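What follows is a set of notes on a single structure, which appears directly below.
Keep in mind that the numbers below use all heavy atoms, side chains included, and drop hydrogens, waters and symmetry copies. Given the structure is predicted, the values throughout are model-derived calculations rather than measurements.
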Amino acid sequence: MLLEGRGRSYGRALGRRVVRCVVVTMLAALAAGGPVTPRAGAIFRAFEPSSPWNQTAVAVGQSNPWAAQLTNHPALPLRISGTPDNPTYAAPVFFAQRGDPVAPVFVTQPDWLPKGETGWSGRPIPAPSGVRPAAGGDGHLVVVSADRRTAWDFFGCTVAGPNGYVTRVIAQWDLTGPGYSMQADETSARGSGAPLISTSLRGEEAIRGYQHALGISVPQVSSDYVNPATHSDGRQGPGAIKYGMRFVLRPDYAVPPDASLGVVNVIYALKVYGLFVVDQGADIEMDADFTHPGLWEQAGIGAKAFDFTAADLRPAVPGTPPPLPTIVSPVKQSSVANRVSLHGNRKAVRVGRRVHLYGKIRADLVGDERVHFEAFARGRWRYLKSVPVKANRTYGTTAKLYASVHGARRGGPAIALKIGRLRLGPGPRLQIRAIVPDVGRSPTVAVRLAR
């Protein structure tokens, strides 16, 4: 959304660190104009495969008749707003984990709230560790549920955390849906009604590869809009550039020879998926998620990482998708077998002793993944605990088995076994599984219990 007179300082770009074994092949293919597959791995991608954000695109024409409207300064390259070196106007994305506290939401401009498919249901929203909005006037923030099926976008958020969110606008997105509202003139945290999560750069995707369209902010837009935009806060006439217009980076754009892995991955996305006009800002720029500064440094992306201008973009329409690596959708994220191993005690565990759980991840990891343990207790799978994955892709934890007295039955109180906060059923075995969000789920391990 447009904030008059806001200034954005563009810090010095992070030093580029070239990963030779990955980047050289990608550079050759991109420089030649052909698509190239980024690093393989299970990548979280919001919305259903048929969503406009997840469709590939092809250029229309050999020039860009809209170039002058995409920027105030024709020679100004695309800028990134939100990387750790320029965090003020960012779109930070925080992924909730099982067991995170929930927080109340206080909306200060309820008349701006979306009312259709993206209307907030009023359900409690988790408050992940360290959650905070961007400091700039937009106050953008994204919170994604632990099951990766829902995202909440905030605009004008000033306070976030366990004690509550204070925000001007909140939109709720079904991440298994189309990624836009079917209701006309529907608002969101963006001036176009578009979601933040698909249209912003995330650090983990800078490493693994972007497999969806991105979003771009421009100085000013028409009061009209086209699909997948559902709203416009623009003031220009019908002949001006519109929210929802799509562009791709020209196929023959020459990739800089010293481009970092993250720069190559963004260029790949802009050539294959393109970008939509989704907001108004100071000039031609994309938003980024400032979390995980180490990932941004590894990716080699900062505020001034790119040298192409609006003239290098081409109007685009949906096109035939090239071969792409497998994408784990939110619906299927916990169903990938044999990617996460899990082992437990070989001997029966007695009361007062500990259950030992350990395993290894066989996947392309970013470095901030966590393993969630679930135990089958009283008829269903229940959350047990969560631990980080180590640098060598292994993980491990222990949990004490103990007995507790509960209730009052005929003949005296009942004795039950517990592990952590879970009360176990009467069976002789403890069934446990490990889940790594966006990677996979382990086979179930049965630990014998000595009752």
Side-chain angles (χ1 to χ4, degrees), residues 1-8 51-53 55-82 89 91 138 140 155 179-181 184-196 198-201 212-251 253 266 269-288 306-319:
M1 295 185 177
L2 179 64
L3 293 179
E4 298 292 343
R6 75 184 187 192
R8 298 189 178 185
S51 168
W53 313 111
Q55 294 178 358
T56 55
V58 293
V60 177
Q62 301 298 317
S63 62
N64 184 5
W66 303 97
Q69 294 192 44
L70 289 172
T71 177
N72 288 323
H73 307 88
L76 180 71
L78 176 79
R79 291 291 184 258
I80 308 299
S81 179
Y89 287 93
D138 286 356
H140 277 151
F155 169 74
Y180 61 92
S181 176
D185 199 28
E186 185 71 290
T187 60
S188 77
R190 285 202 181 280
S192 61
L196 290 171
S198 289
T199 56
S200 303
L201 299 172
H212 57 83
L214 295 166
I216 189 173
S217 296
V218 299
Q220 53 189 1
V221 297
S222 169
S223 58
D224 294 338
Y225 57 88
V226 296
N227 188 63
T230 59
H231 179 74
S232 179
D233 58 356
R235 302 174 182 175
Q236 303 303 305
I241 196 167
K242 297 176 177 64
Y243 283 144
M245 283 185 170
R246 192 173 196 173
F247 296 86
V248 294
L249 186 61
R250 58 185 174 87
Y253 169 76
V266 172
L270 297 185
K271 284 192 173 186
V272 176
Y273 291 94
L275 48 79
F276 289 92
V277 179
V278 295
D279 223 333
Q280 294 183 92
D283 215 300
I284 182 171
E285 56 197 23
M286 287 194 292
D287 294 333
F306 301 96
D307 63 2
F308 57 84
T309 68
D312 293 309
L313 300 177
R314 300 288 181 265
V317 295

For the residue pair [X] and [Y], establish whether any side-chain heavy-atom pair is separated by less than 4.5 Å.
{"X": "F276", "Y": "S192", "answer": "no"}
{"X": "P315", "Y": "W66", "answer": "yes"}
{"X": "T309", "Y": "L76", "answer": "no"}
{"X": "L214", "Y": "L201", "answer": "yes"}
{"X": "P318", "Y": "R246", "answer": "yes"}
{"X": "Y253", "Y": "L270", "answer": "no"}
{"X": "I216", "Y": "F247", "answer": "no"}
{"X": "D283", "Y": "R79", "answer": "no"}

I'd like to know if the side chain of [X] reaches the main chain of [Y], judged simply by a donor and an acceptor atom lying under 3.5 Å from each other, with no hydrogens or angles considered.
{"X": "T71", "Y": "I284", "value": "no"}
{"X": "S222", "Y": "A240", "value": "no"}
{"X": "R314", "Y": "Q62", "value": "yes"}

Aromatic rings F155 and H140: how do their planes relate, parallel, tilted or perpendicular, breaks at 30° and 60°?
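Plane angle between 30° and 60°, so tilted.
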Verify side chain to side chain contact (heavy atoms under 4.5 Å, CB included) between Q69 and V218, making sure each step is shown before the conclusion.
CA-CA 8 Å; Q69 294 192 44; V218 299; over 6 Å; no
Using the side chain to side chain contact (heavy atoms under 4.5 Å, CB included) definition, which of the options D287, D279, V277, V278 pairs with T199?
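Of the listed options, the one satisfying the test is V278.
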Can you find a side-chain donor-acceptor pair between D233 and Y243 that sits under 3.5 Å?
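Yes, side-chain donor-acceptor contact under 3.5 Å.
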Going by atom types only, do S200 and R190 share a side-chain donor-acceptor pair under 3.5 Å?
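Yes - a donor-acceptor pair under 3.5 Å links their side chains.
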Walk me through whether N64 and L70 qualify under side chain to side chain contact (heavy atoms under 4.5 Å, CB included).
CA-CA 10 Å; N64 184 5; L70 289 172; 3.5 Å; yes
Where do [X] and [Y] come nearest, in terms of heavy atoms and distance?
{"X": "L249", "Y": "K271", "value": "O-CG, 3.9 Å"}
{"X": "Y225", "Y": "A184", "value": "OH-C, 4.0 Å"}
{"X": "G274", "Y": "V248", "value": "CA-CG1, 3.7 Å"}
{"X": "P195", "Y": "G179", "value": "CD-O, 3.6 Å"}
{"X": "G319", "Y": "T56", "value": "O-OG1, 2.9 Å"}
{"X": "N72", "Y": "A282", "value": "ND2-O, 3.4 Å"}

Rounded to the nearest 0.5 Å, how far apart are [atom1] of [X] and [atom2] of [Y]?
{"X": "S181", "Y": "H231", "atom1": "OG", "atom2": "NE2", "value": "12.0 Å"}
{"X": "Q280", "Y": "S217", "atom1": "CD", "atom2": "OG", "value": "9.0 Å"}
{"X": "Y180", "Y": "T230", "atom1": "OH", "atom2": "OG1", "value": "10.5 Å"}
{"X": "L313", "Y": "M245", "atom1": "CG", "atom2": "CE", "value": "13.5 Å"}

Partner residues of D312 under the side chain to side chain donor-acceptor pair (under 3.5 Å) criterion, sequence neighbours left out:
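Once residues adjacent in sequence are excluded, the partners of D312 under the side chain to side chain donor-acceptor pair (under 3.5 Å) criterion are R250.
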